[in-house]
Amino acid sequence: MKVCIRLFAVARQLAGRDSIVLEMPAGSTVAQLRARLAADVPALAAVLPHIAFAVGSEYAQDDWVVSEGSEVACIPPVSGG
Amino acid sequence: MKVCIRLFAVARQLAGRDSIVLEMPAGSTVAQLRARLAADVPALAAVLPHIAFAVGSEYAQDDWVVSEGSEVACIPPVSGG
Amino acid sequence: MIDITTQPIDTAALLRQVGSPQAGAVVLFLGTAREFTHGRQTASLDYECYPEMALQKLTALEAEARTRWLLTGCAIVHRVGRLEIGEASVAVAVSTEHRQAAFAAGQWLIDTLKEIVPIWKKENWADGDAQWVHPGLETPPEARDATRGRAVSGPSPTADISSSEHTGSRR
Amino acid sequence: MIDITTQPIDTAALLRQVGSPQAGAVVLFLGTAREFTHGRQTASLDYECYPEMALQKLTALEAEARTRWLLTGCAIVHRVGRLEIGEASVAVAVSTEHRQAAFAAGQWLIDTLKEIVPIWKKENWADGDAQWVHPGLETPPEARDATRGRAVSGPSPTADISSSEHTGSRR
């Protein structure tokens with residue numbers, strides 16, 4: 001399945017783009033997305049352990065299974081306010 | 001000595017005036033002013049035990065000695081804000 | 001900045017007043033005239049103050065707050081006279097580097113103002129009664145403008161004012 | 001009322017928005033762009049958000065605050081884009097019957113907003129460096145716009161977001 005991951009702030013800056021599409025096996029978890037992203041975009045490898053993921057606008061833990069068509073985003077530590 | 005006492009809120013309303021001048025012996029304390037005020041203005045007698053006094057814009061305890069020319073005021077429990 | 005005014009409080013001016021390049025946080029508190037108190041309807045409020053002492057106490061409050069917190073700005077304005085429902089009777093605005101201090105200072109200022117500053121509120125009830133509000137003081141019948149009055153009671157605020165009180169004799 | 005906007009925050013409109021005849025207290029918090037952070041001068045700030053999620057999280061924050069306190073009004077506005085020193089990046093306004101709840105709700109809303117809402121700040125330092133602020137994340141050298149950068153560190157805010165988190169698998 002294709003999974004589109006939106007990138008923000010330092011993640012967007014490091015990757016040089018605001019989203020990336022990964023081809024993943026059906027049933028992939030957030031942890032597997034994170035590993036694939038680190039492999040495909042080495043510039044993100046150092047920060048990915050500190051970056052949360054959101055699926056469908058909710059924070060998602062590593063064991064969350066991503067469905068095809070889900071909106072996935074990298075959420076670096078937030079600093080709004 | 002003459003002591004002018006300013007009256008506010010319920011004290012002003014009960015006394016029907018916004019100040020009163022008492023003739024007091026030199027060296028009178030706040031407690032003595034309070035007692036004289038209750039005697040001279042019976043309408044205030046019931047509330048005076050609950051009313052603070054200020055001398056020169058500072059709260060003054062019962063043993064405070066009032067000087068001639070001091071600005072004295074009755075301060076019922078406050079309700080600003 | 002300290003003020004007592006009969007005019008509506010200009011909150012935009014207060015926010016400008018406390019703004020600062022050093023400030024990361026601003027807290028503005030407004031006390032507003034509420035329509036219902038324990039189910040009883042208020043038509044309007046009248047506020048009265050002892051002007052000289054109220055200004056002096058407000059000034060002292062700001063000074064004390066500045067010893068407790070590093071304020072980049074501070075403004076306190078109390079309105080007096082007739083207020084309609086929804087209007088602000090008091091505004092406290094503070095700015096600080098970080099937000100915790102702004103909340104703490106703002107809350108301390110309004111809490112202490114309500115304990116010690118000589119300002120009084122009269123409830124003009126919708127039923128035609130009117131009544132000075134004096135926490136802890138049962139208003140006697142003759143102090144009511146109408147017969148259906150009921151005194152508001154609560155803890156006496158005058159127990160906590162020792163910090164700036166005359167104690168003992170002066171001579 | 002929830003909004004994310006590129007325009008200056010209209011605080012007068014927010015205060016009108018949360019005003020209510022049932023309110024006796026209004027607390028407005030503003031986060032403002034500070035000129036100095038640990039002695040280093042900021043020229044401007046850029047804020048970026050994940051719009052869909054940020055709006056959803058702000059809406060959830062208001063709903064959660066309304067379960068914790070009886071709010072007569074609530075408004076949260078975050079600004080994004082370029083901010084000059086002194087401008088407000090965020091405004092939280094709440095009104096309540098009594099003031100304690102207004103302070104508590106206002107403080108909880110801004111504290112929680114800063115922990116969970118996906119909005120990010122970039123410091124554009126006066127020395128020409130620029131840097132995304134990610135508490136707990138040492139920004140690697142390649143993420144700096146100039147060579148004199150220094151990452152801001154602090155406790156990770158992502159530890160406290162479990163209340164609205166996906167946990168476990170969905171199928």
Side-chain angles (χ1 to χ4, degrees), chain B residues 1 3-19 25-34 38 41-81, chain C residues 4 29 31 46-58 60 78-80 89-90 92 110-123 130-140 142-145 151-152 154-158 161-171:
Chain B
M1 64 180 184
V3 178
C4 178
I5 303 177
R6 296 174 72 174
L7 304 173
F8 295 99
V10 81
R12 181 173 57 76
Q13 184 182 4
L14 288 167
R17 53 209 291 187
D18 59 13
S19 69
S28 292
T29 62
V30 164
Q32 290 166 325
L33 279 188
R34 189 195 303 273
V41 188
L44 289 177
V47 299
L48 271 168
H50 306 285
I51 288 185
F53 277 70
V55 179
S57 289
E58 287 292 348
Y59 288 101
Q61 291 191 338
D62 274 0
D63 59 355
W64 183 258
V65 174
V66 177
S67 309
E68 179 144 32
S70 290
E71 163 124 333
V72 180
C74 275
I75 311 288
V78 300
S79 52
Chain C
I4 295 176
F29 172 82
D46 287 312
Y47 280 89
E48 167 174 319
C49 74
Y50 173 10
E52 298 88 338
M53 182 173 172
L55 282 170
Q56 179 170 314
K57 287 291 173 196
L58 290 174
H78 206 296
R79 187 168 166 193
V80 292
S89 52
V90 64
V92 172
I110 185 63
D111 287 352
T112 313
L113 181 156
K114 290 174 80 86
E115 279 178 5
I116 70 167
V117 178
I119 302 177
W120 300 274
K121 171 169 73 172
K122 188 169 73 173
E123 292 269 5
Q131 184 177 39
W132 285 105
V133 178
H134 295 302
L137 178 60
E138 273 295 314
T139 312
E142 62 270 34
R144 292 172 190 156
D145 291 356
V152 173
S156 166
T158 54
I161 55 175
S162 56
S163 62
S164 58
E165 200 172 16
H166 287 316
T167 55
S169 74
R170 141 189 290 175
R171 55 179 180 186

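A note on names: the letters A, B, ... follow the listed sequences, proteins ahead of strands, and every chain is numbered from 1.
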Hey, can you pull the donor-acceptor pairs under 3.5 Å for the side chains in residues 73-81 of chain B, sequence neighbours left out?
residue  : atom : partner   : partner atom : Å
Ser79(B) : OG   : Lys121(C) : N            : 2.8
Ser79(B) : OG   : Val133(C) : O            : 2.6

**Request:** Find the distance between CH2 (Trp120(C)) and CZ (Arg12(B)) and round it off to the nearest 0.5 Å.
**Result:** 9.5 Å

**Sub-4.5 Å side-chain heavy-atom contact between His134(C) and His50(B)** = no

**Item:** 4.5 Å side-chain heavy-atom contact, Arg6(B) and Glu52(C)
**Value:** yes

**Tyr47(C) versus chain B, the contacting section by heavy-atom distance below 4.5 Å** = side chain

**Message:** The criterion is side chain to side chain donor-acceptor pair (under 3.5 Å); which residues satisfy it with Asp111(C), sequence neighbours excluded?
**Reply:** Arg99(D)

**Request:** Could you pull out the closest heavy-atom pair between Glu48(C) and Phe8(B), with the gap in Å?
**Result:** OE2-CA, 3.3 Å

**Request:** Could you pull out the closest heavy-atom pair between Met53(C) and Glu58(B), with the gap in Å?
**Result:** CE-C, 4.3 Å

